[in-house]
K.L.:
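This is the structure I want to talk about, given as structure tokens.
By convention here, the first residue in the shown sequence is residue 1. Values below: all heavy atoms of this structure, side chains included; hydrogens, waters and symmetry mates excluded.
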Amino acid sequence: MTMSPDDQSSSSLPLNKYLASTDKRTRDKAVKSLAAFLSTPDQNALPKSEMAKLWKGIFYCYWMSDKPLVQQALSSELAELLLTISSTNASLVFLKGFWEAIVREWNGIDRLRMDKYYMLVRKFVNASFRLLVRAEWDKNALEEYNDILTCKGGPLCPEDNRVPTSLSYHLADVYLTELDKSLASSPDSNPPPAPLSLLLDPFLNLAALTNSNVTYQRIYGELLEPLFLALKPPPSFPAETHAKKRPKLLSEPAFDNIAANACLETPKEGKVEKSQVRKALLRKMFDIASGPNARETNRRKMYAVWKTAMAEENESGGEDTD
């Protein structure tokens, strides 16, 4: 007798053939059965082999969703599974399975399906931040999160040539936006400040180590430069001198929630004034660029960014961080 997803108990794992079924109703039932399974209190993390099989099924469950509204709803539902799991450690194991599946399957995604997988990645980045907010930016959890992103097979691993560059580009594009959203959507009216020094580690290291000039420029242009601008003190425009520059500066993303609710290493520091956060991040960028494994061309570019920022600090009367 063939068993349907409804026949499976919440303590058993939904079978992959239901997740990848050609019938939408069967897939929907399988996803709900999966959510019930993952939300079981004290549910242990799945073994690596079982997690890989599960994510193969989930990947093709999403592959089979064709209509835009269905894709939006399913991407949100799948990302929310991270927060359905009660244990942060088990959630991170599930997240690792997601990234391993995405990196493994990415080059097989056709042009017509690429946009919906970009959306799925964005949803998981946002849910990951909300998970870390829920864990109050626990240092061990954050270090494990960074390891997921940067280990072999992770989307920001500088040494793994199998990782598609378009995936790291997309992460750089959405990282700050989704972090800002996660801080704004926290159920806590006074969420713990985000430890930016740790959160930026994967990107600063990739910027220093990557052999791709395009990857470096994407990280700098879409993540580091906008963040450094958001953390600068408000500009004071002379009446006429900087009139031409004003529209460009005012059009930059503000990332107000990040700027107002940031620290460096741990929320125990309390909220750190944004200009101090900026100085510390620039100093960290300089230190990482000074590492023995940094690519020489990247090192020079990162030094130049730091030098320009320090010159601006001196001109505005700020203290040098050297």
Side-chain angles (χ1 to χ4, degrees), residues 31-32 34-41 43 45 51 55 58 62 71-102 117-150 154-156 167 170-203 223 227 230 253-268 271:
V31 171
K32 294 188 184 307
L34 173 61
F37 169 79
L38 293 174
S39 65
T40 303
Q43 177 64 54
M51 185 64 74
W55 267 108
I58 297 173
Y62 192 64
Q71 294 165 7
Q72 291 176 25
L74 183 56
S75 63
S76 295
E77 189 174 7
L78 293 175
E80 288 301 316
L81 291 175
L82 271 182
L83 297 158
T84 298
I85 304 169
S86 58
S87 161
T88 299
N89 288 337
S91 292
L92 290 170
V93 172
F94 186 72
L95 179 64
K96 185 177 179 67
F98 164 76
W99 281 118
E100 288 178 344
I102 289 293
Y117 278 96
Y118 279 140
M119 177 169 61
L120 182 65
V121 167
R122 179 186 284 269
K123 296 284 188 181
F124 265 86
V125 171
N126 182 274
S128 299
F129 286 139
R130 287 186 286 128
L131 173 68
L132 293 170
V133 170
R134 188 179 74 180
E136 298 183 338
W137 301 110
D138 176 77
K139 188 172 183 180
N140 290 333
L142 187 47
E143 288 175 348
E144 177 62 24
Y145 173 70
N146 283 349
D147 186 65
I148 289 170
L149 296 181
T150 59
L156 298 178
L167 194 50
H170 185 58
L171 269 174
D173 292 346
V174 306
Y175 206 73
L176 292 180
T177 300
E178 298 310 317
L179 174 58
D180 199 70
K181 287 180 184 177
S182 70
L183 293 172
S185 65
S186 172
D188 187 344
S189 59
N190 188 29
L196 291 187
S197 181
L198 290 178
L199 284 167
L200 288 187
D201 255 348
F203 288 99
L223 191 147
L227 180 60
F255 302 120
D256 291 336
N257 297 295
I258 296 175
N261 198 25
C263 61
L264 295 173
E265 299 282 345
T266 170
K268 293 178 181 179
K271 296 178 183 179

K.L.:
Mind checking whether Leu196 and Cys263 have side chains closer than 4.5 Å, heavy atoms only?
P.N.:
no

K.L.:
Grab the two heavy atoms, one from Pro267 and one from Pro193, that are nearest each other, plus how far apart they are.
P.N.:
CG-O, 3.7 Å

K.L.:
Could you tell me whether the side chain of Val121 reaches within less than 4.5 Å of the side chain of Phe98, counting heavy atoms only?
P.N.:
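Yes, their side chains come closer than 4.5 Å.
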
K.L.:
Taking atom CG of Leu149 and atom NZ of Lys96, what is their separation to the nearest 0.5 Å?
P.N.:
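Here the rounded value is 10.0 Å.
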
K.L.:
Going by atom types only, do Lys123 and Ser76 share a side-chain donor-acceptor pair under 3.5 Å?
P.N.:
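There is such a pair (donor and acceptor under 3.5 Å, judged by atom type) between the side chains of Lys123 and Ser76.
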
K.L.:
Do Thr266 and Lys139 come within less than 4.5 Å of each other through their side chains, counting heavy atoms only?
P.N.:
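No. Closest side-chain heavy atoms not under 4.5 Å.
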
K.L.:
If you take all heavy atoms of Ala127 and Ala79, which pair is closest and at what distance?
P.N.:
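Minimum heavy-atom separation between Ala127 and Ala79: CB-O, 3.5 Å.
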
K.L.:
Given Thr177 and Phe255, is the side chain to side chain contact (heavy atoms under 4.5 Å, CB included) satisfied, shown in steps?
P.N.:
CA-CA 7 Å; Thr177 300; Phe255 302 120; 3.9 Å; yes

K.L.:
CG/Asp138 to CG/Asn89 distance, rounded to the nearest 0.5 angstrom?
P.N.:
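Asp138 CG to Asn89 CG: 8.5 Å, rounded to 0.5 Å.
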
K.L.:
Measure the spacing between CD of Glu178 and CZ of Arg122 and express it to the nearest 0.5 Å.
P.N.:
4.5 Å

K.L.:
Evaluate the side-chain proximity of Pro195 to Leu142: yes if any heavy-atom separation is below 4.5 Å, no if none is.
P.N.:
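Result yes, sub-4.5 Å side-chain heavy-atom pair found.
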
K.L.:
Take Asn126 and Leu179 through the side chain to side chain contact (heavy atoms under 4.5 Å, CB included) test and state the conclusion after the steps.
P.N.:
CA-CA 7 Å; Asn126 182 274; Leu179 174 58; over 6 Å; no

K.L.:
Check this for me: Lys181, atom NZ, are more than 12 non-hydrogen atoms of other residues, nucleotides or ligands nearer than 6.0 Å?
P.N.:
yes

K.L.:
Do Asn257 and Asp180 have side-chain N/O donor and acceptor atoms under 3.5 Å apart?
P.N.:
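Yes, because at least one side-chain N or O of Asn257 sits under 3.5 Å from a partner of the opposite role on Asp180.
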
K.L.:
For residues Tyr62 and Gln71, report the shortest heavy-atom separation together with the two atoms involved.
P.N.:
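Closest pair (atom of Tyr62, atom of Gln71, distance): CE1-O, 3.6 Å.
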
K.L.:
If we ignore hydrogens and angles and just use 3.5 Å, is the side chain of Arg134 paired with the main-chain N or O of Leu83 as donor and acceptor?
P.N.:
yes

K.L.:
Taking Thr88 for its side chain and Ala135 for its backbone only, find out whether a donor-acceptor pair lies under 3.5 Å.
P.N.:
no

K.L.:
To check you understand the geometry: which heavy-atom pair defines the closest contact between Pro192 and Trp137, and what is its length?
P.N.:
O-NE1, 3.2 Å

K.L.:
Working to the nearest 0.5 angstrom, can you tell me the gap between Leu92 CG and Ser87 OG?
P.N.:
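Output value for this atom pair is 8.0 Å.
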
K.L.:
For the residue pair Phe129 and Tyr175, is the inter-centroid distance of their aromatic rings smaller than 6.0 Å?
P.N.:
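Ring-ring flag for Phe129/Tyr175: true, centres closer than 6.0 Å.
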
K.L.:
Atom CD1 of Ile85 and atom CG of Leu131: how far apart are they, to the nearest 0.5 Å?
P.N.:
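These two atoms lie 8.5 Å from each other.
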
K.L.:
Quick one, Phe203 and Leu171 - any side-chain contact, counting heavy atoms below 4.5 Å?
P.N.:
yes

K.L.:
Please give me the minimum heavy-atom distance between Thr84 and Ser39, naming the atom from each residue.
P.N.:
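Between these two residues, the closest heavy atoms are CG2-CB, 3.2 Å.
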
K.L.:
Test side chain to side chain contact (heavy atoms under 4.5 Å, CB included) on Leu78 and Ser75 and set out the steps.
P.N.:
CA-CA 5 Å; Leu78 293 175; Ser75 63; 6.0 Å; no

K.L.:
Atom CG in Leu183, atom CG in Asp188: separation rounded to 0.5 Å?
P.N.:
11.0 Å

K.L.:
Inspect the contact between Glu80 and Arg130 and indicate whether a charged nitrogen and a carboxylate oxygen are less than 4.0 angstrom apart.
P.N.:
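Salt bridge flag = yes for Glu80 with Arg130.
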
K.L.:
Which atom pair, heavy atoms only, marks the closest approach of Ser128 to Tyr145?
P.N.:
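Taking Ser128 first and Tyr145 second, the nearest heavy atoms are CB-CE1, 3.7 Å.
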
K.L.:
Kindly assign one of parallel, tilted or perpendicular to the pair Phe94 and Phe124, based on the angle between their ring planes and the thresholds 30° and 60°.
P.N.:
tilted

K.L.:
Quick one: are Asn190 and Lys271 in side-chain contact, heavy atoms under 4.5 Å?
P.N.:
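Answer yes - side chains close enough.
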
K.L.:
Any chance you could lay out the side chain to side chain contact (heavy atoms under 4.5 Å, CB included) test for Trp99 and Leu167, step after step, and finish with the verdict?
P.N.:
CA-CA 10 Å; Trp99 281 118; Leu167 194 50; 4.2 Å; yes

K.L.:
When you compare the side chain of Leu223 with that of Leu200, does any pair of heavy atoms fall below 4.5 Å?
P.N.:
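When only atoms from C-beta onward are counted, Leu223 and Leu200 do touch, with a gap below 4.5 Å.
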
